[in-house]
Every structure is written in C-alpha cells, then in structure tokens.
Amino acid sequence: MVFVSRKLNTLTKLSEPWLPFSQRKLLETDLVSKLDNCRNFAQIKQLHAHIIRKGLNQSCYVVTKLLRMLSNVGVPVDKYAHHVFDQVPQRNSFIWTALIRGYCVQGLIREAVGLYGLMRMEGMAPVSFTFSALLKACSLGEDVNVGLGMQIHGQIVGVGGFDCDLVVWNTMIDMYVKCGFLGCGRRVFDEMVVRDVISWTSLIVAYARTGDMDSAKELFDELPVKDMVAWTAMVTGYAQNARPREALNLFKRMQDGNVETDEVTLVGVISACAQLGAAKYAGWVRNIAEESGYRPTSNVVVGSAFVDMYSKCGNVEEAYSIFKRMRERNVYSFSSMIVGFAMHGHATEAINLFEEMVKTKIKPNRVTFVGVLTACSHAGLTEQGEQYFKMMQSCYGVVPDADHYACMVDLRGRSGRLEGALQLIKTMPVKPHGGVWGALLGACRIHGDPDIAQIAANSLFELEPNSIGNYILLSNIYASAGRWEDVARVRKAVRMKGLKKNPACSFVEGKDGVIHEFLAGDLTHPRSSQIKRELENLLHKLKFHGYQPVLSSVPYDVDDKEKMRILMAHSEKLAFSYGLLTVASCSTITIVKNLRICEDCHLFMCGASLVTGRKIIIRDNMRFHHFHDGACSCNNFW
DNA sequence: TTAGGGTTAG
C-alpha cells in the first residue's frame, strides 16, 4: 500500500513572493524546458536544488515535469519522486497523474491504482491521461492485470462516468488484447462512436497475433483511411503467419498506393522473402531497402533481418559479409548469424561466433543457444553440445526450455544414443512438446529403431493428433525394418482419421528468374520428357561411379523395380534435372523442398555434384545441404 | 502530450 501524506505542507511562504505573476510564469516555463533536457538523475537533482532556491518546488506545473523526468530516467518512484510530491501543498490532477504514471512505468500497477483511489478521495477529478497511464500499465509486466483494467473501464463508463479522449479508448482496446481478451477489445471497438486508424490497427494486430488473418483482413478492408502503420501491420501479420506470398502482394499494393516505407515495413517484407528462400526475392528487397535509404550495414534491425534472409536463401556468405560490416550488432544479429551458420552445417563458425559474442557486452538469449546447440548437433559435436547445455544456465543464466531439450535429444539421438535421449526426456523438468518427441522420432529413423520410435510416436499422436508427418515417419521406420504389418496398421489409422498427406514438392529457380514447382511423380511440366531423359543419363553415369539406389527410402511394399521408379520421380530429382537443363553451367543449382530430403536423394545429389561438377544447394524443411565434389556440408547428419 | 506496426527458433 502506498502511503501519501495528505497533510498539507506547512511551508507555504514562497521565497520570492514579490515576483510578479508574468515573471513567475516565465521562470516556470524556463525551468520546465531545462528539466526537459535532463538526461540523468544527477542533472535532475541539481536542477531540483535550483527549483527549491527559487521557491518553485510548490508549483504544480514545475513539479509535474520534475516527476515525469524522474520516471523517464528510471528513478524508482519511492526513492525521490514521492518525497517531492509530498512537498506540494495544493496538488492538482496533473501532479497526481504524474506520480501515478511513475508507478505505472515501473510496472507497480497495484500501487498506482491505490494512489488513484487516494486521488479520488482528495476530490481530484482524473484526466484522460490518468486513465491511459493506468490502462497501459495493466497490459504491461508479467502479471496479467486485466482485472484492474476492467475496474478502471467500469469507473469510466459507470454512473457519473468520465468523458475520455480517443487515447483512453484506444489504450483500453490494447489493454484487453494484450491481456488475451480479444473479444473484450473488439466489444470496446464496436461500442466506440468515434474511431481512428489507431483503434483499427490495434485490433488488426490482435487478430494477426492469434493467427486469424481473415478477420484482420476484413477489418483492414473496411478501414477507411489506411496509413503506413496499418499497412505494415497487415504485411507483418502475413509474414508472421507463414503466408509470405500474401505479405509480398500486399506490400506491392502498398507501393502502388505510394504509401511510405520505413524500417518496420521492410523488416516484415524481408522476413517474407526469407520464408520464400529465393535469390530473386532477396535481390529485389535489397534494392528496395537501399532505395529507401535503409542500408543493412547502418541499420541494426534491417541488417539482422537481412542476415537471416540471406542465410535462409542459401547465401550464407552474403549473410556473413553483411554481418561483418554492420556498424552496430545486437542479440538478434548474432543469433541470426549463429543460427544461419548452424543451418548450413558450419558448426565451427557458429561456435567461434558465439565465443566472440560473449566477449562483447551482448548477452546471449534462448535463441542464441538454440543456434549453438543445433550447430553442435548437426556436426555431431556431442561433447561440446553437452558442455554448452550445462553452461547456458550456470554461466549465462538462460534457463533451458523445451526447445533446448529438443536440441539435446536431437544431439544424443543423432549420435546413436537413443536410450540416453529417451532418458533425458523422462527426467527433463519442463513438459516435453512435440519438438522434443519429434527429435527422438527423427533419430529413430536415422538409426532404424522401431521400438523407441513407437514410444516417441505414441506421445506425438497425443500432442499433435492431426499432424500427418509423424504417422508417415513412423510408417517409414517400420517400412525400413520390413515390418509391413505395422506399416499397414499406421496407414489405416491415418485413413480412419481422414488425414491427407502433404504432397512433396520442390522449387527451382530457372535462369529467367521464374520459380518452377515440381511435385513428386509430376509429369505435367512442359519439358517433362527432356527432364526424364536428363535424369536417366545422370543415373547411368552415377551407377558407373558406384551409386546404389537406397531402396529402403521407399516406404511401400512393392517390388524393387517399382521402388526404383518411385525414387527417380522424387520432386528434388525432377527439380535438379530441370536445373541442369536451364541454369548456367557455372552457377549453383538451388532447390527448396517442403519436406525432409530422403536418404536416396541425398546420396544421389552427392554423386551428382561429383559427376556434373555442379554445386547444388538443397534447403529442406530442416536445414541446408551444400553438395560439392561428391560430399555434403551436413556430413550425412540430417 | 499520453495510443497502433519490428528482426532470431528443431
């Protein structure tokens, strides 16, 4: 509970009472503007001493500014501000509000509300700013303070309520949606007589954050006058909900409408391009950024987004080149680069960069460690991974969460320690999510262990009952072990649940910059017969070099000839063959695949990189594979 | 003088 002296201060005589009113006003204005320029506590204290000498420590106008500045530079309210407040004999609503705001900024919402109660008892009428400060505080901090926010809402609209400005109503919408009560936010919005673009944008963002882009779009379409922030909210919403094409289409509409672009818009667009993973988009957005005056090397947020994008587009060299030239780097820049190296199998670089990072003042966070552990796992650096896992909490204060445990299960599982991985899941202090069991199931596929796979799959079916991928993985593990009855049982479960398989597809960028899509077994491409012929020629050469198709990659109980036919129609092989026909012989062929690359295609691409002399990059749904001279950057860990 | 959009993740 906050204690506030309600006794009026006895010191009522001003030290310069002879100052005429106009001069006193001038002095007040001068002090307020000086306060405005204060940047730290020491400067404020010095000025405060001067204020006392001039006898203006009882002026509500000056003291209100003093209180604001104290909280702006982060001085805890009860350390100084409260005492200053107590010295003022006649307080108005503004000075009360400044003190309340101080508590709000510190996240001490209960104290702020208590103070608000005292303010009312003193007969002070709150102003709009009092409510907006309180409501904003209700949506901040770790506690969900929606209960207090609702009380304030009740007072505003209740009997003898208050006329509030738009800021209060907009803050109320935001308070409800930030506390997870989207329906309440919507109701406030619907009941508002006057709305502005901020009211609309708050709700659009709220819908986007829950993944409901249809409702967000509906609101956006109705919004009469759209500004840059509203457009950006939609572009970013699509990007965050894995709908990159829609994000880019909307951005193009935004450009057509001559809406300004700033760094936040760009970040959303860059993130969409990263998801598409195509060099064409990378170059396009880079030009737009440079034209708008946002150079990746001089803007840390745009730069970090570019580092991530280039890594995801397969160009880790360009990502690193930007990273090195960035004038300022933050935890996002380092983490994006570390994750980028990890995705491309450059474990040593990832670890070296992490060591470089800890020498700076930038503290690693949970994402940084996901990157470091993934790097260790993908390179088979089991011991180092175990060490970093121990150190993340003891040395860096980052508490491992389910994602980090997933990395560790992956690390142990890939290296063949399936029992050790299972043990870790059984003893981990946080509840394992789908990712943890998924890592174990993936490891069972690599090491061919149908029994542990069954345990992992059972948990996955509970956690993610409608995820087809888990059923397919389990069925493939049984198929590899020749347990066709179990395969049939899993397939039947899939049929009973009415789940549809995600068709495998691969994309390759032709020399004209057009992206070509191939589905597995797809013969609809106009150059299909040429693609098939090219593939047969290549197969012939590969067999001469000792390539043996991995027939166990076909999870169907069919004869070997049929297995061979299925393997040769895998989407990445079709895409690669098309790449051979169209991509200039000196260029790398880059393929993006929606599912994980199979063992046979991996072996095939290793051989293909040798006999054709081409560099091949395949981005599957897990990571990047760089094939060159008969080997892959993943060292067959994937 | 207070309110809306932000990058990294198996």
Do any side-chain nitrogens or oxygens of [X] fall under 4.0 Å of OP1 or OP2 in [N]?
| X | N | answer |
| --- | --- | --- |
| A/K136 | B/dA3 | yes |
| A/Q240 | B/dG6 | yes |
| A/K226 | B/dG4 | no |

Tell me whether the centres of the aromatic rings in A/F354 and A/Y388 are closer together than 6.0 Å.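 Ring centres of A/Y388 and A/F354 closer than 6.0 Å.
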- Between A/W96 and A/F85, ring centroids under 6.0 Å: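 Centroid distance A/W96-A/F85: below 6.0 Å, so yes.
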Tell me which nucleotide among [options] gets nearest to the side chain of [X].
| X | options | result |
| --- | --- | --- |
| A/F129 | B/dT1, B/dG5, B/dG10 | B/dT1 |
| A/A230 | B/dG4, B/dG6, B/dT8 | B/dG4 |
| A/R366 | B/dA9, B/dG10, B/dG4 | B/dA9 |
| A/D196 | B/dT1, B/dA3, B/dG5 | B/dA3 |
| A/K312 | B/dT2, B/dG5, B/dT8 | B/dT8 |
| A/N365 | B/dT7, B/dT2, B/dT8 | B/dT8 |

Using atom [atom1] of [X] as one end and atom [atom2] of [N] as the other, report the distance to the nearest whole Å.
| X | N | atom1 | atom2 | value |
| --- | --- | --- | --- | --- |
| A/F323 | B/dT7 | CZ | P | 19 Å |
| A/K178 | B/dA3 | NZ | P | 10 Å |
| A/Y61 | B/dT1 | OH | P | 10 Å |
| A/M357 | B/dT8 | CE | P | 15 Å |
| A/M192 | B/dG4 | CE | C1' | 12 Å |
| A/Y405 | B/dG10 | OH | P | 18 Å |

### Query
If you measure only the distance, is there a donor-acceptor pair under 3.5 Å linking the side chains of A/S71 and A/R101?
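Yes - a donor-acceptor pair under 3.5 Å links their side chains.
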When you check the side-chain N and O atoms of A/R286 and A/Y310, is any donor under 3.5 Å from an acceptor?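 Yes, side-chain donor-acceptor contact under 3.5 Å.
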With a 4.0 Å cut-off on heavy atoms, is [X] in touch with a base, just the backbone sugar-phosphate, or nothing at all?
| X | value |
| --- | --- |
| A/A439 | base |
| A/G434 | base |
| A/T265 | base |
| A/V264 | base |
| A/D403 | base |
| A/V367 | base |

Classify the ring geometry of A/W231 against A/F220: parallel below 30°, tilted from 30° to 60°, perpendicular beyond 60°.
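Aromatic pair A/W231/A/F220 classed perpendicular.
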Going by the angle between their ring planes, with limits at 30° and 60°, are A/Y320 and A/F323 parallel, tilted or perpendicular?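 Aromatic pair A/Y320/A/F323 classed parallel.
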Ionic contact status for A/K217 with A/E246, cut-off 4.0 Å:
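Not counted as a salt bridge, because no side-chain N and carboxylate O are separated by less than 4.0 Å.
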Please list, in numerical order, the residues of residues 162-177 of chain A that have a heavy atom closer than 4.0 Å to any atom of DNA chain B.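 Result for residues 162-177 of chain A: A/V167, A/N170, A/T171, A/D174, sorted by number.
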Considering non-hydrogen atoms only, spot the tightest contact between A/C104 and A/A133 and give its length.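 Shortest heavy-atom contact: SG-O, 3.5 Å.
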